[in-house]
Amino acid sequence: MALKMEKSKELFEEAKKYLVGGVNSPVRYFKPYPFFVEKAKDCYLFDVDGNKYIDYCLAYGPMVLGHANEKIIEAVKEQLELGTAYGCPTEKEIILAKEVVKRVPCAEIVRFVNSGTEATMSAIRLARGVTGRKKIIKFDGAYHGAHDYVLVKSGSGALTHGHPNSPGIPEETTKNTILIPFNDEGAVKKAINENKDEIACIIVEPVMGNVGCILPKEGYLKFLREITEENDILLIFDEVITGFRLAKGGAQEYFGVVPDIATLGKILGGGFPIGAIVGKKEIMEQFSPLGPIYQAGTFNGNPISITAGIATLKQLDDKFYRETSRTAKILADTLRELADKYNIKAKVYNIASMFQIYFNENEVLNYEIAKQSDVEKYMKYFWGLLERGVFVPPSQFECCFTSIKHDDEVVDKTIKAIEDVFRGL
Ligand SMILES: Cc1ncc(COP(=O)(O)O)c(CN[C@@H](CN)CCC(=O)O)c1O
């Protein structure tokens with residue numbers, strides 16, 4: 001069943017002349033060439049060759065209300081007429097910050113930025129500045145954005161394209177980044193004991209969404225909270241994926257573990273660029289202009305992203321969480337059942353509206369195990385679904401998401417496509 005992709009192929013050849021790899025983010029690149037999108041609506045993407053895809057990538061997370069959500073568009077259209085960047089504070093920033101503080105347990109005060117990368121970069125600087133310590137702990141395979149402190153053994157596109165350790169970062173920078181496996185309490189204890197009083201923070205994705213979908217072991221996040229408190233280490237939850245997704249208050253609400261600082265993004269911007277650092281007042285107020293730790297940005301808190309964020313959070317009601325979790329669970333359970341039915345060695349993980357299949361016979365508890373997955377088989381699965389009108393992320397090391405627009409009819413169509421693909425896998 002070959003997919004009609006002539007126009008995408010043509011655009012890709014043209015794109016490669018002017019854009020590195022023909023894309024503006026490596027995760028969007030896959031061989032022989034990606035499809036180019038013409039438009040999107042609800043849970044669908046429409047490409048330039050007239051193909052329609054049920055979208056489980058959701059632009060790598062933000063589009064949980066579906067594409068071209070009417071209320072977001074209406075609110076942003078109104079704001080556009082009022083201006084898009086003022087270089088001055090606005091009331092809307094207070095409104096969104098209040099909504100974030102209301103939802104996110106660790107959030108006493110907020111700083112908006114424009115991406116998750118900026119958020120984690122600023123959060124780590126804050127932790128180092130507040131503690132006066134240099135070292136940080138991150139986990140093998142975690143992805144916290146594309147900045148120097150964290151592009152070591154990182155996931156997402158860095159892992160997919162084979163460069164988890166990016167060249168171009170001075171050893172002087174990365175020597176302060178301690179890497180340990182996720183879900184391994186002994187490794188945390190050892191790293192802390194070997195670097196006594198030198199560690200500023202532990203930064204963790206509470207659910208690792210950048211090596212697929214790796215769940216924390218029972219009690220593991222609570223353990224991280226306790227051991228960081230005991231050692232005056234700040235705990236940072238990178239909730240760029242999990243924030244507002246696992247629950248209204250993200251992973252910290254879902255697991256009942258409250259970090260000192262959290263970083264947010266994706267969903268918070270409703271499809272527009274955004275990031276945020278949130279945390280305890282006494283820590284956050286070390287940021288300029290109150291404190292000495294500099295953090296700034298031309299479009300920080302810009303009225304467009306803020307307006308979209310307000311319109312988004314208003315729609316994340318109980319029905320949203322119930323429904324997106326329900327459909328993701330159906331898909332995850334069905335993937336498991338069909339893998340068994342067709343004797344396919346696979347593990348499937350799901351939490352709230354996140355899920356992913358690993359073509360791997362072992363329980364995927366960390367990056368090392370995830371890396372042993374059969375990525376060739378995953379890409380066969382990817383192409384098989386794409387040819388049947390279902391778009392999952394083109395990488396074993398990304399995560400699938402449901403939106404409120406993935407209803408039972410859409411789920412049924414997806415299941416039929418999955419079974420069809422599994423027959424020939
Ligand atoms: C947990 C976590 N923390 C930080 C980031 C960086 O956020 P951005 O700078 O891409 O807004 C991300 C970004 N996620 C990837 C995909 N998993 C973004 C996709 C891309 O790079 O194009 C993240 O997942």
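These values consider heavy atoms only, across backbone and side chains, with no hydrogens, waters or symmetry-generated copies. In each ligand, atom 1 is the first atom listed, and ligand 1 is the first ligand listed.
For Glu198 and Lys135, the salt-bridge test passes: some basic side-chain N is under 4.0 Å from an acidic carboxylate O. By the 4.0 Å N-to-carboxylate-O rule, Glu10 lies close enough to Lys7 to be salt-bridged with it.
For the side chain to side chain contact (heavy atoms under 4.5 Å, CB included) criterion with Leu331, the lone passing option out of Val348, Thr402, Asn350, Ile357 is Thr402.
Annotation: cation-pi pair Arg125/Tyr294 absent, no NZ/CZ under 6.0 Å from the ring centroid and within 45° of its normal.
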Exercise for the section: List the steps, then state whether salt bridge (Lys or Arg N to Asp or Glu O under 4.0 Å) holds for Glu171 with Lys175. Expected result: CA-CA 6 Å; Glu171 191 276 328; Lys175 73 182 179 189; 5.0 Å; no

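Listed by chain and number, residues touching ligand 1 at under 4.0 Å (heavy atoms only) are Ser25, Val27, Tyr60, Ser115, Gly116, Thr117, Tyr143, His144, Gly145, Ser156, Glu205, Asn210, Asp238, Val240, Ile241, Lys266, Glu398.
Screening residues 95-143 for ring pair (Phe, Tyr, Trp, His ring centres under 6.0 Å), with sequence neighbours left out, gives Phe139-Phe182.
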